[in-house]
Number of protein chains: 2
Amino acid sequence: MHRNDGFRELDRRECLDLLTQVPLGRIVYTENALPAVLPVNFFLDHDQAVVLRTSGASRMARAVDASVVAFEVDRFDETTRSGWSVVVTGRASLVTDPGEAERLGRSGPLSWAPVEDGVHVRIEPELVTGRLLEDVSPAGTV
Amino acid sequence: MHRNDGFRELDRRECLDLLTQVPLGRIVYTENALPAVLPVNFFLDHDQAVVLRTSGASRMARAVDASVVAFEVDRFDETTRSGWSVVVTGRASLVTDPGEAERLGRSGPLSWAPVEDGVHVRIEPELVTGRLLEDVSPAGTV
């Protein structure tokens with residue numbers, strides 16, 4: 001779709017490769033029937049699930065458990081007006097199994113901010129989409 | 001809230017100032033009952049509404065008109081693990097008045113990608129929140 005709008009759609013493999021290049025994304029969910037979004041750092045698990053860590057007492061943790069969420073990562077260059085974005089959509093769940101939590105705790109960097117009573121959130125990569133905006137630099141659009 | 005988690009909450013004025021520093025944000029909405037998110041460039045109108053431009057035929061334009069959406073902007077430094085994020089939440093509407101559309105068309109840069117049959121989207125800044133993550137650099141969290 002929209003193949004003449006300057007974007008190229010990315011396939012799942014390209015999207016997953018790009019997700020390993022950026023440490024920060026944004027979890028998109030619903031809270032009190034309103035759209036909500038929060039930037040968080042993350043990593044990909046061996047099965048390509050998005051894993052992040054937050055306070056178990058946070059509003060986000062309560063809102064996303066057992067819900068379908070989106071997770072967005074992008075990188076754009078303001079000078080060339082080009083870049084890419086990837087969105088993972090799938091069910092989020094708090095990791096309650098102690099062994100699994102311990103394994104994830106060893107797997108990578110998990111929070112830039114200090115987290116007390118932390119909990120891991122896993123997002124299943126059910127739908128992975130992305131698009132690339134190439135450097136079109138159309139004259140006169142500024 | 002969470003005043004000991006490394007974040008400082010920003011007031012509305014601080015948030016609006018930060019929004020003028022970055023040309024790209026992410027509109028967060030609901031499509032087919034699922035959370036959706038799309039990076040877009042934008043500017044602030046004189047009344048602090050978020051203004052962006054997209055194809056009138058796009059799925060996003062159809063999904064957000066007359067709905068409450070969130071618009072997120074952030075800037076983080078991966079090295080110092082510090083930065084800020086701002087979220088504007090409010091009702092979105094497609095601009096249908098020709099005079100208003102013409103005025104907005106003169107007001108600023110509106111799309112990095114070529115847009116045919118473009119339409120302006122305005123997001124009312126009903127709720128503006130933000131937070132600053134200061135450079136805490138805790139040893140040993142990587």
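Below, chain A is the first sequence line, B the second, and so on; all start at residue 1.
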Check: Which residue out of Thr30(B), Leu34(B), Val37(B) racks up the most heavy-atom pairs below 4.5 Å with chain A?
Finding: Val37(B)

Note to self: Need one label for Ala36(A): side chain, backbone, both or neither, based on atoms under 4.5 Å from any heavy atom in chain B.
What the structure shows: backbone

Notebook entry, point to check: Salt-bridged, Arg131(A) to Asp74(A), with N to O below 4.0 Å?
Noted result: no

Checklist line | Within-4.5 Å side-chain heavy-atom neighbours: Asp45(A) and Arg103(A) | finding: yes

Next item on the list: Run the numbers on Glu78(B) and Arg75(A) for salt bridge (charged side-chain N to carboxylate O under 4.0 Å, His left out), then give the verdict.
Entry: CA-CA 13 Å; Glu78(B) 295 171 19; Arg75(A) 178 157 276 173; 2.6 Å; yes

Checklist line | Distance, nearest 0.5 Å, that separates CZ of Phe7(A) from CG of Leu133(A) | finding: 4.5 Å

Checklist line | Charged N-O contact under 4.0 Å between Arg13(B) and Asp17(B) | finding: yes

Notebook entry, point to check: Is it true that Val73(B) and Ile123(B) fall in one hydrophobic cluster, defined by side-chain heavy atoms closer than 4.5 Å?
Noted result: yes

Check: How about Arg12(A) and Pro125(A): do any of their side-chain heavy atoms sit closer than 4.5 Å?
Finding: yes

Item checked: Most chain A-contacting option - heavy-atom pairs closer than 4.5 Å, from Ser85(B), Ala33(B), Pro39(B), Gly83(B) -> Pro39(B)

Checklist line | Positions in residues 62-71 of chain B that reach chain A, provided some heavy atom is under 4.5 Å away | finding: Val68(B), Val69(B), Ala70(B)

Checklist line | Carboxylate-amine/guanidinium contact Glu124(B) Arg122(B), below 4.0 Å | finding: yes

Check: Applying a criterion of heavy atom separation less than 4.5 Å, what residues of residues 86-101 of chain B form contacts with chain A?
Finding: Val87(B)

Margin query: Could you check whether any side-chain heavy atom of Tyr29(B) comes within less than 4.5 Å of a side-chain heavy atom of Val28(A), counting everything from C-beta outward?
Written below: no

Check: Does a side-chain N-to-carboxylate-O contact under 4.0 Å join Glu14(A) and Arg8(A)?
Finding: yes

Checklist line | Spatial distance of atom CG (Asp117(A)) from atom OG (Ser55(A)) [nearest 0.5 Å] | finding: 3.5 Å

